[in-house]
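For reference, the structure is listed below as structure tokens.
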Amino acid sequence: MNNKDNRGAFIAFEGIDGSGKSTQSALLIQKLRQEGIPCYATMEPTDALIGSLIRQVMTGRIKTDNKAVAALFAADRLDHLLNEVDGIVSKIESGVTVVTDRYYFSSYAYNSVHMPMEWVIKANEQSSAILRPSLTVYIDIDPDTALDRIAKNRFRQELFEKKSMLVKVRDNYMKAFKLLEKEEKVVIVDGNRPQEEIAEAVWNAAREYF
Ligand code: ADP
Ligand code: TYD
């Protein structure tokens, strides 16, 4: 999907925790504003009701089964797409480009650590039928570097922020990209570089959608 028919583009950033997704989302938004392209930054889990519930699970404040967590992520995503106040679909239909920090590939990569990836892809079929990203940008970073960055900048580590987990998550991302290569447009950007260089690589990949 792109804005050639007056719809906004939809760009999703993906990567392991600490890979630089939020930094690059912000830099892309800054670039789009400079170019005069109407745009909106968002993220998953959302800060709405279901997203808040998920954050409580991620920090260990409430406990539930991993399958239930995967279903919560799928529900949060549908709300993110469809809710009447600031849903992604209505923004895109009104010509606004949406940049999201995580979308369904995060579910495929993270939630498949605990269950078959096919199940997770199926659980998100409604979202993929409603809206596939114009482009998914995967910021590829070495898990050790990611953990160093997280350790420097956070008071506590969340559920997935352990090396063995990040290695599995990265493998799952690669598996999902391969599995869905016919349906999805994905670019992998080397994230082990200064942020300005990464931003340039992101813009080179994304500019064709504007
Ligand atoms: P994510 O959203 O993927 O968790 P962030 O964008 O929050 O990642 O980045 C994690 C930390 O690493 C932040 O403190 C950020 O300032 C820093 N950071 C981001 N990009 C780079 C980079 N290219 N080089 C070094 N540090 C970076
Ligand atoms: P967040 O705190 O935004 O990640 P980051 O540390 O990259 O800034 O996301 C919380 C966690 O949620 C993150 O470890 C990835 C995980 N997650 C899933 O397990 N499934 C999903 O569908 C999404 C969107 C995120």
Side-chain angles (χ1 to χ4, degrees), residues 1-17 19-32 35 37-46 48 51 70 73-83 86-112 117 120-141 169-170 172-191 198-199 201-210:
M1 195 172 298
N2 59 44
N3 63 350
K4 305 247 158 59
D5 50 3
N6 295 327
R7 291 163 71 100
F10 181 40
I11 311 286
F13 279 95
E14 294 286 355
I16 60 176
D17 301 64
S19 57
K21 296 178 308 312
S22 24
T23 304
Q24 292 304 322
S25 304
L27 290 172
L28 179 60
I29 288 281
Q30 196 181 318
K31 178 72 180 167
L32 292 170
E35 299 286 320
I37 296 162
C39 56
Y40 175 78
T42 186
M43 64 181 177
E44 294 186 1
T46 67
F73 275 113
D76 186 42
R77 184 158 299 124
L78 284 167
D79 178 53
H80 198 196
L81 287 169
L82 300 174
N83 85 70
D86 55 2
I88 294 175
V89 169
S90 64
K91 289 200 183 295
I92 284 176
E93 281 172 355
S94 69
V96 174
T97 282
V98 175
V99 176
T100 185
D101 180 346
R102 298 193 181 283
Y103 192 50
Y104 48 57
F105 272 107
S106 284
S107 282
Y108 306 164
Y110 284 83
N111 304 117
S112 300
M117 189 176 288
V120 184
I121 293 175
K122 228 175 165 33
N124 281 279
E125 257 176 8
Q126 291 196 77
S127 293
S128 58
I130 293 166
L131 186 65
R132 288 190 195 277
S134 319
L135 178 68
T136 295
V137 181
Y138 181 77
I139 314 270
D140 197 15
I141 188 180
V169 169
R170 185 186 180 278
N172 280 343
Y173 267 120
M174 296 304 140
K175 184 177 161 195
F177 294 150
K178 185 95 198 105
L179 207 61
L180 296 166
E181 66 187 343
K182 288 204 180 70
E183 293 91 337
E184 302 283 348
K185 180 88 181 79
V186 178
V187 65
I188 297 177
V189 167
D190 178 5
I198 303 168
V202 169
W203 181 242
N204 284 338
R207 63 189 312 160
E208 69 174 284
Y209 297 95
F210 305 101

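Values below: every heavy atom of this structure, side chains too, minus hydrogens, waters and symmetry copies.
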Do you know which two heavy atoms are closest between [X] and [Y], and how far apart they sit?
{"X": "L27", "Y": "A199", "value": "CD1-CB, 3.9 Å"}
{"X": "K91", "Y": "D86", "value": "CE-O, 3.8 Å"}
{"X": "A123", "Y": "A74", "value": "O-CB, 3.6 Å"}
{"X": "R102", "Y": "I16", "value": "NH2-C, 4.0 Å"}
{"X": "G15", "Y": "Y110", "value": "O-OH, 3.6 Å"}
{"X": "K185", "Y": "S134", "value": "CB-O, 3.5 Å"}

Can you tell me if [X] uses its side chain to pair, donor with acceptor, with the backbone of [Y] under 3.5 Å?
{"X": "D76", "Y": "T46", "value": "yes"}
{"X": "T97", "Y": "A9", "value": "yes"}
{"X": "N6", "Y": "G95", "value": "no"}

Measuring from [X]:[atom1] to [Y]:[atom2], what's the distance to the nearest 0.5 Å?
{"X": "M117", "Y": "K175", "atom1": "CE", "atom2": "NZ", "answer": "4.5 Å"}
{"X": "F73", "Y": "Y108", "atom1": "CZ", "atom2": "OH", "answer": "14.0 Å"}
{"X": "S94", "Y": "I92", "atom1": "OG", "atom2": "CD1", "answer": "9.0 Å"}
{"X": "I141", "Y": "I198", "atom1": "CD1", "atom2": "CD1", "answer": "7.5 Å"}
{"X": "I11", "Y": "T100", "atom1": "CD1", "atom2": "OG1", "answer": "11.0 Å"}

Task: Derivation of the side-chain contact (heavy atoms from CB on, under 4.5 Å) call for F13 and V202 - done: CA-CA 10 Å; F13 279 95; V202 169; 3.7 Å; yes
Open item on the list: Any donor-acceptor pair under 3.5 Å linking the side-chain atoms of Y103 with those of N124?
Closed with: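 Judged by distance alone, the side chains do not pair up.
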Open item on the list: Can a side-chain donor-acceptor contact be found between Y104 and E184 if the only test is distance below 3.5 angstrom?
Closed with: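 Note: E184 and Y104 side chains meet the donor-acceptor criterion.
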Task: side-chain contact (heavy atoms from CB on, under 4.5 Å) evaluation trace for F210 with E35 - done: CA-CA 10 Å; F210 305 101; E35 299 286 320; over 6 Å; no
Open item on the list: Within the 4.5 Å heavy-atom criterion, are I121 and L180 side-chain neighbours or not?
Closed with: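 Answer yes - side chains close enough.
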TODO: With I88 as reference, evaluate I130, L81, N83 under the side chain to side chain contact (heavy atoms under 4.5 Å, CB included) test and give the passing residue.
DONE: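 Testing I88 for a side chain to side chain contact (heavy atoms under 4.5 Å, CB included) against I130, L81, N83 leaves exactly one candidate, L81.
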TODO: Given ring-ring contact (aromatic ring centres under 6.0 Å, His included), test F10 with Y209 step by step and report yes or no.
DONE: CA-CA 9 Å; F10 181 40; Y209 297 95; over 10 Å; no
- [ ] Please step through side-chain contact (heavy atoms from CB on, under 4.5 Å) for the pair R170 and D140, ending with a clear verdict.
- [x] CA-CA 8 Å; R170 185 186 180 278; D140 197 15; 2.8 Å; yes
Open item on the list: As a test of understanding, state which of S128, S127, S107 forms a side-chain hydrogen bond (donor to acceptor under 3.5 Å, both in side chains) with R77.
Closed with: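 Result: among S128, S127, S107, S107 is the only option passing the side-chain hydrogen bond (donor to acceptor under 3.5 Å, both in side chains) with R77.
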Task: M174 and I188: CA distance, side-chain angles, deciding distance, side-chain contact (heavy atoms from CB on, under 4.5 Å) verdict - done: CA-CA 10 Å; M174 296 304 140; I188 297 177; 4.0 Å; yes
Open item on the list: Would you say CD of Q126 has more than 12 non-hydrogen atoms from neighbouring residues, nucleotides or ligands within 6.0 angstrom?
Closed with: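 No, the 6.0 Å shell around CD holds no more than 12 heavy atoms from other groups.
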